[in-house]
Amino acid sequence: MATKKKAKAKSGAAVKKSVGKVMKLKAKKRTAKVGGGHPPATSKPFGQAGRALDGVRILDFTHVQSGPTCTQLLAYMGADVIKVERPGTGDITRGQLRDVKGVDSLYFTMLNGSKRSITIDSKHPKGKEILDRLVKECDVLVENFAPGALDRMGFTFDHIHKLNPRMILASVKGFGAGPYEDCKVYENVAQCAGGSASTTGFRDGPPLVTSAQIGDSGTGLHLALGIVAALYQRARTGRGQKVLCTMQDGVLNLARVKLRDQQRLRHGPLAEYSQHGEGIAFGKATPRAGNDSGGGQPGWILKCKGWESDPDAYVYFITQAPVWGAICDLIGKPEWKTDPDYATPPARLPRLRHVFDTIEQWTKTMTKFEVMDICNKQDIPVGPILSMKEIAEEQSLRATGTVVEVDHPTRGPYLTVGNPIKLSDSIADVRRSPLLGEHTDEVLREVLGYSDKEIGEIKASGAISAAEKKAEAA
Ligand code: COA
């Protein structure tokens with residue numbers, strides 16, 4: 001009996017065990033279906049566990065700023081970016097705004113880090129043949145030529161797709177389909193056409209462009225997102241697609257709050273704009289708002305100690321409603337906490353100029369950093385106006401890899417902006433920019449499998465070597 005019981009118990013345990021096994025297997029399958037299971041967290045330090053875009057190869061046909069911003073980011077994230085440049089001159093920015101004679105400009109070096117450079121004359125028959133082979137070996141072709149230029153070279157989407165149906169063709173253009181689609185476009189044209197300039201500056205002054213390159217770098221960022229999304233879709237479909245970002249669209253996307261305000265105008269004045277408090281009527285379009293803050297929490301740029309001689313001795317100060325009491329105490333106006341003219345945000349709106357003038361009397365007694373320290377303790381949102389000199393010297397930006405010093409063979413060390421997107425499992429691969437054609441032989445040999453003899457023939461054909469002749473002559 002006992003043995004029978006034992007045997008029963010044993011077989012029961014065995015059944016339980018095997019049922020458990022089956023359930024575990026099913027659970028494993030389920031999790032595999034939804035997300036590939038739960039691999040353990042990496043033991044590597046932050047940002048050291050690999051390269052997010054490892055295995056992605058980019059044929060980089062970009063120049064100037066918008067396209068190079070995109071491909072540099074992808075290179076920082078681990079993609080192999082092969083920049084194709086015109087023999088002899090390369091990307092025009094190599095020679096623009098030069099600070100050191102005969103050396104690639106910072107304009108170029110700061111937009112083309114972590115890439116390889118190959119020189120190819122894309123209009124030379126042999127050059128076209130090499131490019132065809134590169135199309136077959138790459139995942140993404142990125143370009144920001146003038147409208148129609150890529151087609152004129154013979155690289156239509158049909159041609160590219162015949163060679164490589166997985167290829168993603170990513171383009172920046174100035175405008176989308178419409179009256180301006182054939183126009184060449186630079187940064188400030190996009191800022192103006194995208195609605196940024198008309199809404200930037202002071203009401204009584206002309207439209208202003210902003211120094212942040214929202215047309216070029218901003219559109220490059222949009223394009224990078226489009227490429228990553230297309231790569232993700234390709235993993236399911238096996239097919240490449242076209243990705244288009246226009247600079248007008250990119251700027252408008254960043255200026256969308258001003259289109260919001262345009263629609264609000266139909267229902268009355270924009271109460272948070274200081275012109276409202278000053279009794280100035282609104283026109284038909286979103287006006288320029290000076291330094292008013294956009295989100296309904298009024299803010300302004302205020303002078304700090306030293307403003308008479310230091311153009312950047314200012315702080316941005318936001319009178320956020322929940323900390324109004326703390327602000328009143330700090331600036332020596334505790335009575336404003338209960339005064340019906342100042343106690344509530346709607347009551348303050350018509351008096352914003354006076355409110356900020358009063359706060360400024362207080363901020364002018366301290367440096368911008370002292371204001372920041374005092375306000376931070378009280379959760380009052382303020383921001384020092386940092387000069388580029390201060391940013392270049394800021395050690396915390398170096399520590400996070402946002403500002404990186406790299407060494408260049410002809411220029412020496414220079415600062416560049418590293419990857420502003422921090423990934424916990426992926427290395428930010430920030431390296432110097434390549435010299436013109438530095439990797440031509442390497443790419444021909446390693447990526448395309450040309451022999452030394454063939455490379456010699458290619459050089460003799462003039463498809464890549466004009467650069468070498470000119471470089472030697474220089
Ligand atoms: N070999 C041979 N020819 C090459 C080449 C190469 N490796 N690389 C470029 N070219 C040729 C192009 O085929 C084109 O020739 P085509 O006009 O005979 O067709 C020519 O160089 C000029 O290219 P393009 O793009 O028109 O340059 P551009 O200097 O005249 O214009 C821009 C510059 C930026 C205005 C223009 O490219 C543009 O509008 N781009 C889209 C918007 C954009 O990105 N603007 C922001 C730039 S930061």
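Remember, predicted model here, so these are calculated numbers, not experimental data. As the structure lists them, so they are numbered: ligands from 1, and atoms in each ligand from 1. Residues: numbered from 1 along the sequence shown.
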- Message: Between the side chains of Arg133 and Glu129, is the shortest nitrogen-to-carboxylate-oxygen separation below 4.0 Å, so that they form an ion pair?
- Response: no
- Message: I'd like to know if Asp99 pairs up with Arg411 as an ion pair, taking the criterion as any Lys NZ or Arg NE/NH1/NH2 lying under 4.0 Å from an Asp or Glu carboxylate oxygen.
- Response: yes
- Task: Considering only non-hydrogen protein atoms, determine which one is nearest to atom 11 (C) of ligand 1 and report residue, atom name and distance to 0.1 Å.
- Result: Arg86 NH2, 3.3 Å
- Message: Considering Ala146, Gly154, Ser122 one by one, which has a heavy atom nearer to atom 24 (P) of ligand 1 than any of the others?
- Response: Ala146
- Task: Just let me know how Arg152 lines up against ligand 1, side chain, backbone, both or neither, with a heavy-atom cut-off below 4.0 Å.
- Result: side chain
- Give the residue, atom name and distance (to 0.1 Å) of the protein heavy atom nearest atom 28 (P) of ligand 1. Lys184 NZ, 3.6 Å
- Message: On a heavy-atom basis, I'd like to know which of Lys173, Met153, Lys123, Lys128 is closest to atom 16 (P) of ligand 1.
- Response: Lys123
- Run down the list Ile464, Val64, Asp216, Asn144 and name the one with the heavy atom closest to atom 46 (C) of ligand 1. Asp216
- Message: Yes or no: does His124 have any heavy atom under 4.0 Å from an atom of ligand 1?
- Response: no
- Message: Whether the Glu438 and Ser117 side chains hold a donor-acceptor pair (N or O, under 3.5 Å, no angle test) is what I'd like checked.
- Response: no
- Message: Considering Phe175, Phe155, Phe61, Phe145 one by one, which has a heavy atom nearer to atom 9 (C) of ligand 1 than any of the others?
- Response: Phe145
- Query: Which heavy atom in Tyr450 sits nearest to a heavy atom in Ile130, and how many Å separate them?
  - Reply: OH-CG1, 3.8 Å
- Any non-hydrogen atom of Ser66 lying under 4.0 Å from ligand 1? yes
- Tell me: protein heavy atom nearest atom 7 (N) of ligand 1, and distance? Ile120 O, 2.9 Å
- Item | Distance-only N or O hit between ligand 1 and Val185, under 3.5 Å | yes
- Which atoms from ligand 1 have a heavy atom of Asp121 less than 4.0 Å away? 1 (N), 2 (C)
- Query: Which residue and non-hydrogen atom of the protein lie closest to atom 27 (O) of ligand 1, and at what distance in Å?
  - Reply: His63 CE1, 3.6 Å
- Is any NZ, NE, NH1 or NH2 atom of the basic residue among Arg264 and Asp261 found under 4.0 Å from an Asp or Glu carboxylate oxygen of the other? yes
- Task: Step by step, work out the side chain to side chain donor-acceptor pair (under 3.5 Å) result for Thr402 and Lys422.
- Result: CA-CA 9 Å; Thr402 298; Lys422 316 294 184 200; 2.9 Å; yes
- Task: Pull out every atom of ligand 1 sitting under 4.0 Å from any heavy atom of Val172, numbered as shown with elements.
- Result: 41 (C), 44 (O)
- Query: Would the number of heavy atoms belonging to other residues, nucleotides or ligands and lying under 6.0 Å from NZ of Lys162 be above 12?
  - Reply: no
- Message: Any carboxylate oxygen within less than 4.0 angstrom of a Lys/Arg side-chain nitrogen, looking at Lys459 and Asp441?
- Response: yes
- Message: With respect to Gln65, determine whether any N or O atom, backbone or side chain, lies less than 3.5 Å from an N or O atom of ligand 1.
- Response: no
- Correct closest heavy-atom pair for Ala463 and Lys126 would be CB-CB, 3.7 Å
- Query: Of the protein's non-hydrogen atoms, which lies at the shortest distance from atom 29 (O) of ligand 1, and what is that distance?
  - Reply: Tyr186 OH, 4.3 Å
- Message: Using ring centroids (six-membered ring only for Trp), state whether Phe61 and Phe145 fall under 6.0 Å.
- Response: yes
